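Take a look at the structure set out below.
Numbering starts at 1 and runs along the sequence shown. In this text the structure is predicted, and so the values were computed from the model without any measurement.
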Amino acid sequence: LGDVPIDAELRALALRQHGSVLSDETHRYEHSLEVQLPFLQMRLGEFSLLPIAFGRISVTGLADLLDALWETQETLIVVSSDLSHYHDYETARELDARTARAILALDPDRLRDGSACGLTAIKGLIELARRKRLRVAQLGLANSGDTAGPRDEVVGYGAFVPRNRITSEEIAKQWGKDPVTIQRGLLLTEKSVPGLDEDTITISVAAGRDALARAGIDPQKVGALYI
């Protein structure tokens, strides 16, 4: 699929953040990047990249770094991590569903050691999503036992993406109305809005899937969902 160039501007910006260093050796044996790159190349076409690996860093420190790099809506941040490791199939499904509910609720305190190998990265992105008033939608949740692997020891995987939200105060400002009136009329303090590549039907379907995931309901057991 060809080479992907390093984003020199983002690299320079990252190196200005506290504790950041430049190291090719860090990425030499890190396989998550080589797994993600083909998908990004097929989906995005031509793009530049800034790979980041971290050691000991606080959740707040990581969120600060990602916040500094998230300059425009053209910047795509990808956090790569497995979920649970080497449990039997049913145990893994239960543990990963619990992790998914915590991610969807943007509640990092509900994530425990063993939830994911990249726990700090996930918590850092959750912190960033909370700062930017984003919600999170679940695209998928499975484990290696759902493919060709055995089910006595499996590894869990999930896919989650941020979605846009707007507060009642922002709605009131756009409509030239009083925020309290808007909040009482809409019966909410914030609502989801389409992103640049979405429409209201897309986010309605995503909201339905989120509701099922938060309730721990298997979508395969639902005959129909009316939105």
Side-chain angles (χ1 to χ4, degrees), residues 4-40 47-72 74-87 91-92 94-144 153-162:
V4 179
I6 298 298
D7 193 309
E9 291 186 8
L10 281 183
R11 179 175 60 190
L13 180 59
L15 289 174
R16 290 198 294 269
Q17 309 305 309
H18 177 70
S20 296
V21 297
L22 183 63
S23 172
D24 291 336
E25 188 65 25
T26 300
H27 299 280
R28 188 176 304 278
Y29 302 107
E30 173 51 54
H31 65 273
S32 62
L33 183 60
E34 66 185 76
V35 172
Q36 296 289 347
L37 274 179
F39 293 98
L40 294 173
F47 64 98
S48 58
L49 173 79
L50 178 64
I52 297 175
F54 62 88
R56 294 182 179 180
I57 188 173
S58 68
V59 171
T60 300
L62 180 58
D64 290 342
L65 173 61
L66 297 178
D67 201 358
L69 299 176
W70 198 350
E71 293 183 306
T72 70
E74 293 183 353
T75 301
L76 173 65
I77 295 178
V78 178
V79 166
S80 178
S81 172
D82 300 334
L83 297 183
S84 64
H85 279 66
Y86 308 133
H87 298 284
T91 300
E94 180 181 345
L95 293 173
D96 293 341
R98 191 182 307 163
T99 299
R101 288 193 293 271
I103 293 173
L104 292 171
L106 297 179
D107 187 354
D109 293 336
R110 287 162 56 182
L111 296 173
R112 297 288 185 265
D113 290 343
S115 299
C117 56
L119 195 58
T120 300
I122 294 174
K123 287 185 175 183
L125 196 57
I126 288 176
E127 170 63 25
L128 183 59
R130 294 176 66 170
R131 292 181 189 181
K132 294 184 175 293
R133 297 196 303 275
L134 299 175
R135 68 182 181 89
V136 174
Q138 178 178 308
L139 300 183
L141 189 66
N143 63 56
S144 55
E153 289 186 339
V154 302
V155 177
Y157 303 95
F160 306 87
V161 294

Counting C-beta onward and ignoring hydrogens, is there a side-chain heavy-atom pair between [X] and [Y] closer than 4.5 Å?
X: Pro108; Y: Arg130; result: yes
X: Val35; Y: Ser80; result: no
X: Ile77; Y: Leu69; result: no
X: Tyr86; Y: Val154; result: no

Minimum heavy-atom distance [X]-[Y], with the two atoms named:
X: Leu111; Y: Ala102; value: CD2-CB, 3.7 Å
X: Ser48; Y: Ile6; value: CB-C, 4.4 Å
X: Leu65; Y: Ser20; value: CD1-OG, 4.3 Å
X: Ala53; Y: Thr26; value: CB-CG2, 3.6 Å
X: Val161; Y: Leu139; value: CG1-CD1, 3.5 Å
X: Thr75; Y: Trp70; value: O-NE1, 3.5 Å

Quick one: pull up [atom1] in [X] and [atom2] in [Y] and give me the separation to the nearest 0.5 Å.
X: Ile122; Y: Phe160; atom1: CD1; atom2: CZ; result: 8.0 Å
X: His27; Y: Glu34; atom1: NE2; atom2: CD; result: 13.0 Å
X: Leu106; Y: Asp109; atom1: CG; atom2: CG; result: 12.0 Å
X: Asp7; Y: Leu13; atom1: CG; atom2: CG; result: 9.5 Å
X: Leu10; Y: Leu15; atom1: CG; atom2: CG; result: 11.0 Å
X: Leu83; Y: Asn143; atom1: CG; atom2: CG; result: 9.5 Å

Sidechain-backbone polar pair: [X] side chain, [Y] backbone, donor-acceptor under 3.5 Å:
X: Asp96; Y: Ser84; result: yes
X: Ser144; Y: Val155; result: yes
X: Thr99; Y: Leu95; result: yes

Salt bridge present between [X] and [Y] (N-O < 4.0 angstrom):
X: Glu25; Y: Arg28; answer: yes
X: Lys123; Y: Glu127; answer: no
X: Asp67; Y: Lys132; answer: yes

Using the side chain to side chain contact (heavy atoms under 4.5 Å, CB included) rule, take Leu66 and Gln17 through it: C-alpha gap first, then chi angles, then the decisive distance, then the call.
CA-CA 10 Å; Leu66 297 178; Gln17 309 305 309; over 6 Å; no
Please walk me through it: do Leu49 and Leu37 pass side chain to side chain contact (heavy atoms under 4.5 Å, CB included)?
CA-CA 9 Å; Leu49 173 79; Leu37 274 179; 3.8 Å; yes
